[in-house]
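Encoded as structure tokens, the structure appears first; notes follow it.
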Amino acid sequence: MNKPVVVSEETLTEPVVVAELAPAAKAAGPAYVVLAGISFSHFLNDTMQSLIASVYPILKDTYALDFAQIGMITLAFQFTASLLQPVVGHYTDKKAQPYSLAIGMASTFFGLLLLSAAHQYLVILVAAALVGLGSAVFHPESARIARLASGGRYGFAQSVFQLGGSFGTSMGPVLAALIVVPFGQGSIAWFSSIAFLAILILWRIGRWYAPQIKAKKTAAVQAHPDAPSSRRVIVALLVLVALLFSKQLYVSSLSSYYIFYLIDRFGVSTQAAQMYLFIFLAANAVGAFLGGPLGDRFGRKIVIWISILGALPFTLALPYAGLVGSAVLSVVIGLIISSTTSSIIVFAQELVPHRFGMISGVFFGVAFGIGGLGAAVLGKVADHTSIEFVYQICAYLPAIGLLAVFLPKLPRHAR
């Protein structure tokens with residue numbers, strides 16, 4: 001953000017104001033070192049989080065869990081993050097907490113240690129909730145930092161930020177296959193060293209962030225003459241939530257149960273199934289990076305249209321494909337459907353420009369919440385039917401992308 005963010009008295013809050021950048025800083029463009037640091041921290045954060053889903057087969061066999069109980073673990077992790085992220089974002093809109101990122105990462109640190117030593121189902125749920133708490137603190141403020149360091153290239157900055165998280169998510173199955181499966185649940189404790197490294201990086205980023213912000217009393221905001229009305233903004237936000245629902249629930253279905261689907265249908269080993277999951281998640285990472293710059297160039301509404309509806313033919317074909325075909329289709333689906341994330345988040349931020357933290361928290365929180373609730377519901381459905389039936393149902397989720405027709409046209413400077 002290159003100009004002060006201010007709000008009217010109707011908001012009844014005191015916003016975080018970013019100081020005006022010097023002309024030389026504007027000309028320099030994005031702060032690449034900061035973007036790289038926050039993206040790498042996102043990579044470390046989501047690598048640790050993805051370990052939870054990646055060790056599901058171990059937990060299922062060790063503690064004789066059913067699919068509904070597996071879904072409850074995902075719910076414990078993601079529901080915590082879903083509840084707290086908007087709260088954190090709302091608070092930091094009023095008073096930024098540059099060192100909260102490092103403090104929040106400590107929750108993930110202790111969650112991993114607890115998960116490695118847990119021998120009761122309830123303790124596993126608590127450990128998953130602690131990791132979710134770390135995510136709730138991390139995402140809203142780090143998304144604000146990415147925008148602050150963007151130099152005006154908001155889609156690009158959000159994509160760089162998302163790229164780290166997406167690749168971190170894709171690394172979970174690989175690390176589980178190489179380390180956790182051979183050495184057991186206790187080896188999860190080794191990954192606490194990753195959390196410690198993330199704490200150090202985030203503390204340093206906090207030192208850069210602190211001088212960039214200052215509190216300022218409320219003042220009137222000057223709306224762009226072509227900006228959509230308040231009613232259209234509300235409708236657009238609801239549409240964006242629905243679009244994120246279709247995208248995130250489908251991705252959650254593959255992230256949580258794709259391993260079991262491949263094992264049950266094709267008889268592959270657990271390690272092989274985790275590598276197939278890595279392929280899908282890696283494609284997600286690439287798609288997440290491409291979506292932001294494309295939105296900057298061609299408009300975010302166009303990217304949202306193409307990325308959600310464009311995945312529909314491939315999701316419909318996936319339940320009927322063979323092993324190789326499933327792998328190829330998962331790559332195509334991951335590339336297309338994940339490219340919408342950055343555009344949805346930046347579109348929402350531009351609809352409500354005085355609430356970056358809260359909007360980021362709501363959308364990241366909704367993503368986590370949808371994933372958690374969806375995983376629990378899909379697990380219940382899988383217990384009563386089959387994993388294959390679950391994927392036949394989820395194949396129609398991208399059709400919700402038709403709702404993008406209700407998104408307003410933003411002013412040209414906010415494309």
* Structure fact -> Nearest heavy-atom contact between G325 and A321 is C-CB, 3.9 Å

* To do: Would you check if Y121 and L59 make a side-chain contact, meaning some heavy-atom pair closer than 4.5 Å?
  => no

* Least distance between heavy atoms, M171 atom then T47 atom -> CB-OG1, 4.1 Å

* State, yes or no, whether a side-chain contact exists between L197 and F40 at a heavy-atom distance under 4.5 Å. => yes

* Under the 3.5 angstrom rule, does the side chain of Q185 hit a backbone N or O of L115 as a donor-acceptor pair? -> yes

* Anything under 30° is parallel, anything over 60° is perpendicular, the rest tilted; go ahead and classify Y258 against Y261. => parallel

* Structure fact -> d(S41 OG, W203 CH2) to nearest 0.5 Å is 14.0 Å

* Q158 side-chain N/O to G155 backbone N/O, donor-acceptor pair under 3.5 Å -> no

* Do L112 and I194 come close enough that some side-chain heavy atom pair is under 4.5 Å? -> no

* Check the surroundings of atom OH in Y396: do more than 12 heavy atoms from other residues, nucleotides or ligands lie under 6.0 Å from it? => no

* Checking side-chain contact (heavy atoms from CB on, under 4.5 Å) for the pair V137/I103: CA distance, chi angles, key distance, verdict? -> CA-CA 8 Å; V137 176; I103 296 172; 6.0 Å; no

* To do: Mind listing the closest non-hydrogen atom pair of Y257 and I387 along with its distance?
  => CB-CD1, 4.1 Å

* Quick one: are L318 and S326 in side-chain contact, heavy atoms under 4.5 Å? -> yes

* Close side-chain approach of H139 and D46, heavy atoms under 4.5 Å -> yes

* Asked: Is there a donor-acceptor contact under 3.5 Å from the side chain of S342 to the main chain of G291?
  -> no

* Asked: With distance as the sole test, does S338 use its side chain to make a donor-acceptor pair with the main-chain N or O of G334 at under 3.5 Å?
  -> yes

* Mind checking the OG1-CG spacing from T340 to L294? Nearest 0.5 Å is all I need. => 11.5 Å

* Asked: Taking C-beta and beyond as the side chain, do L254 and I333 meet within less than 4.5 Å on heavy atoms?
  -> no

* Asked: Hey, does L244 have a side-chain heavy atom less than 4.5 Å from the side chain of L240?
  -> no

* If you measure from CG on L243 to CG on L238, what distance do you get to the nearest 0.5 Å? -> 11.0 Å

* Which atom pair, heavy atoms only, marks the closest approach of G37 to I201? -> O-CG2, 4.0 Å

* For residues S307 and S339, report the shortest heavy-atom separation together with the two atoms involved. => CB-OG, 3.0 Å

* Do L351 and P408 come close enough that some side-chain heavy atom pair is under 4.5 Å? -> yes

* Asked: Please walk me through it: do I58 and T270 pass side-chain contact (heavy atoms from CB on, under 4.5 Å)?
  -> CA-CA 9 Å; I58 296 175; T270 299; over 6 Å; no

* To do: Assign the ring pair F156 / Y32 to parallel, tilted or perpendicular, where the plane angle (0 to 90°) is split at 30° and 60°.
  => perpendicular

* N/O donor-acceptor pair under 3.5 Å between S343 side chain and G292 backbone -> no

* NZ of K60: more than 12 outside heavy atoms within 6.0 angstrom? -> yes

* Asked: Once you round to the nearest 0.5 Å, how far does CZ of R204 lie from CZ of R207?
  -> 5.0 Å

* **Pair E350-Y154, side-chain donor/acceptor within less than 3.5 Å** => no

* Hey, could you give me the OG/CZ distance between S330 and F278, rounded to the nearest 0.5 Å? => 11.5 Å

* Should the ring pair H42 and F138 be called parallel, tilted or perpendicular, given that the plane angle runs from 0 to 90° and is split at 30 and 60? -> tilted

* Structure fact -> Between A118 and V123 the two heavy atoms that sit nearest each other are CB-CG1, 3.5 Å

* Asked: Rounded to the nearest 0.5 Å, how far apart are CD1 of I344 and CD1 of I304?
  -> 5.0 Å

* Asked: Taking everything shown except F406 itself, do over 12 heavy atoms lie less than 6.0 Å from its CZ?
  -> no

* **More than 12 heavy atoms of other groups within 6.0 Å of Y99 OH** => yes

* Worked check of side-chain contact (heavy atoms from CB on, under 4.5 Å) between I179 and F191 -> CA-CA 10 Å; I179 298 175; F191 296 97; 3.9 Å; yes

* Asked: Do S150 side-chain atoms and R147 backbone N/O form a donor-acceptor pair below 3.5 Å?
  -> yes

* **S116 side chain vs S187 backbone, donor-acceptor pair below 3.5 Å** => no

* **side-chain contact (heavy atoms from CB on, under 4.5 Å) evaluation trace for L397 with T315** => CA-CA 9 Å; L397 285 171; T315 60; over 6 Å; no

